[in-house]
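First the structure, in the form of structure tokens, and then the observations on it.
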Protein chains: 2
Amino acid sequence: MVNKTTTQDKILDAAEQLFASTGFADTSLRQITSMAQVNLAAVNYHFGSKKELIQSVLQRYLSVLMPRLDQEFSQLLASQKQNDLTAVLSVFIKPLLELNKVQHHGTRMFLQLLGRGYTDVQGHLRWFFNHHYGRTLDKFVLLVQQACPDLPASEIFWRLHFSLGTVVFTMASNQALQEIAAADFNENVEIEGVIHRLIPYLAAGIASPLTLASQTH
Amino acid sequence: MVNKTTTQDKILDAAEQLFASTGFADTSLRQITSMAQVNLAAVNYHFGSKKELIQSVLQRYLSVLMPRLDQEFSQLLASQKQNDLTAVLSVFIKPLLELNKVQHHGTRMFLQLLGRGYTDVQGHLRWFFNHHYGRTLDKFVLLVQQACPDLPASEIFWRLHFSLGTVVFTMASNQALQEIAAADFNENVEIEGVIHRLIPYLAAGIASPLTLASQTH
DNA sequence: GTACATTTCAAACAAGTGTTTTAATTTAGT
DNA sequence: ACTAAATTAAAACACTTGTTTGAAATGTAC
């Protein structure tokens with residue numbers, strides 16, 4: 001037997017694709033099982049419920065990505081040299097692009113899914129993520145604080161969430177954006193190109209000087 | 001008879017609140033009509049369909065906001081002086097905050113709805129917006145281009161969408177963010193405060209210098 | 001090959017959805 | 001006050017959703 005894909009994997013692959021393009025709420029189990037060419041009941045048999053299927057789809061990527069990120073963060077924290085913001089943000093690039101190895105269109109799909117996960121959110125995904133990977137996130141925040149010693153913690157909080165918005169939104173609507181860019185500017189940017197445009201934008205925003213306005217409000 | 005609120009308004013008020021907190025897809029007409037204390041069929045009678053109700057909820061704000069913005073943009077375009085980015089972005093502040101006059105928690109609700117509208121999007125809202133307010137949007141893009149003459153149009157395209165992501169995401173999760181900020185930093189920031197933190201962040205990101213990386217990808 | 005556990009399958013289930021229908025009621029015009 | 005239009009009301013409709021059931025099929029160990 002060559003290259004036997006299990007029922008679980010067929011479901012995960014189909015679900016991933018449909019969730020990314022249609023969202024979690026607007027994708028039915030019947031769509032998923034039909035595309036995966038498995039029986040409807042297989043989802044509940046193998047994953048328990050739709051909610052657990054959603055988590056499994058994300059977990060397939062997160063379980064690879066997050067330990068890698070954690071390791072990179074720890075390494076940067078250990079090296080005592082002064083890290084600038086661009087360097088800290090660039091840590092994401094390699095681990096993210098390596099997701100293409102776990103699945104065919106790994107990076108793009110995963111980021112799009114992550115976008116969906118944060119916007120469709122009813123709560124359980126947010127909890128799931130913080131519960132499993134909160135420690136890793138803390139290391140990242142610490143690195144940003146070290147790179148921006150002049151910014152108060154509250155300001156960094158807001159700016160990191162602003163940045164999260166940029167990333168999440170860009171990735172959730174990545175496909176549409178790339179199509180527009182291709183049509184309007186004859187630009188064929190892969191996901192890698194978007195990431196490289198993103199980092200200087202984010203770095204400039206996060207490190208922007210404190211203004212009088214932002215202090216008095 | 002004093003202060004008679006029509007059925008339509010009762011529906012709009014309830015729908016607005018539920019859409020903002022639960023999203024469009026996850027809010028049922030029965031929830032809406034029950035909160036509004038009107039008959040279920042009233043939605044289809046007065047608005048035609050759920051889809052049209054969603055558009056009406058947004059339209060109540062957009063029909064006030066967009067003409068005001070359009071006027072401000074035209075005014076800036078007419079004045080021949082060199083506009084810097086912060087000035088262009090600041091144009092949004094006053095018209096946005098004036099939405100509080102059309103409804104009690106106007107600005108916050110509207111921005112949260114707008115966030116939902118762009119993330120839940122199945123397409124019809126995006127079309128609706130571009131169809132009605134595309135011209136106004138073009139003026140804004142022109143102003144940004146004038147403020148950043150060194151940036152190619154394609155780069156501006158990407159950075160404006162990055163910024164859109166920040167705004168949309170921040171507003172969609174505005175309530176949660178304010179609660180966290182209040183708990184962690186003893187900060188009680190109103191919507192106005194968030195906007196004033198947002199503008200320098202966005203301005204710095206949009207105007208960030210071109211790097212080698214962003215040019216070669 | 002028999003026995004046991006795992007997996008697949010078709011069908012039904014219970015609950016929820018947006019929408020339509022038909023009749024009752026209220027409102028407005030003359 | 002009468003008539004006609006606009007609005008409200010309760011009920012049913014047609015459909016989709018996630019989940020469960022119980023029997024058939026498949027795989028595995030002895």
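Throughout, protein chains are lettered first and strands after them, A, B, ... in sequence-line order, and every chain is numbered starting at 1.
No close placement of the Y133(B) and F140(B) rings is indicated, their centers lying 6.0 Å or farther apart.
Within a 6.0 Å sphere centred on CD of Q17(A), other residues, nucleotides and ligands contribute 12 heavy atoms or fewer.
Distance N44(A) CG to dG18(D) C1': 7 Å, rounded to the nearest Å. Straight-line distance from the NE2 atom of H46(A) to the C1' atom of dT20(D): 16 Å, rounded to whole Å. Atoms CZ (F47(A)) and P (dT19(D)) sit 13 Å apart, rounded to a whole Å. One interatomic measurement links the two molecules: CD of E52(A) to P of dT19(D), which rounds to 9 Å at whole-angstrom precision. Between the C1' atom of dT19(D) and the NZ atom of K50(A) lies a distance of 12 Å, rounded to the nearest Å. Atom CD in Q37(A) sits roughly 15 Å away from atom C1' in dT8(C) (whole-Å rounding). Between Y45(A) atom OH and dC9(C) atom P the separation is 13 Å, expressed in whole Å. Atom C1' of nucleotide dT17(C) and atom CZ of F24(B) are separated by 18 Å, given to the nearest angstrom.
For the residue pair N39(B) and T33(B), the shortest heavy atom distance occurs at O-CG2, 3.5 Å. Of all heavy-atom pairs spanning L85(B) and C148(B), the tightest one is CD2-SG, 3.9 Å.
Comparing atom distances between the S28(B) side chain and each of dT19(C), dT17(C), dT7(D) picks out dT17(C) as nearest. Closest to the side chain of A41(A), from the set dT20(D), dA10(D), dT19(C), is dT20(D).
Phosphate contact (OP1/OP2 of dG18(C), side-chain N/O of S49(B), threshold under 4.0 Å): absent. Under 4.0 angstrom from either OP1 or OP2 of dT8(D) there lies at least one side-chain N or O belonging to T7(B).
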* To do: Apply the test ring-ring contact (aromatic ring centres under 6.0 Å, His included) to residues F92(A) and F73(A): give CA-CA distance (whole Å), side-chain angles for both, the deciding distance (0.1 Å), then the verdict.
  => CA-CA 10 Å; F92(A) 284 91; F73(A) 292 153; 5.8 Å; yes
* For side chain to side chain contact (heavy atoms under 4.5 Å, CB included), just list the numbers for T6(A) and D9(A), CA-CA rounded to whole Å, side-chain angles, deciding distance to a tenth of an Å, and then say yes or no. => CA-CA 5 Å; T6(A) 70; D9(A) 283 333; 3.5 Å; yes
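In the region residues 29-36 of chain A, proximity to DNA chain D at under 4.0 angstrom, judged on heavy atoms, holds for L29(A), R30(A).
Ion pairing of E155(B) with R159(B) is present here, as a side-chain N (NZ or NE/NH1/NH2) and a carboxylate O approach within less than 4.0 Å.
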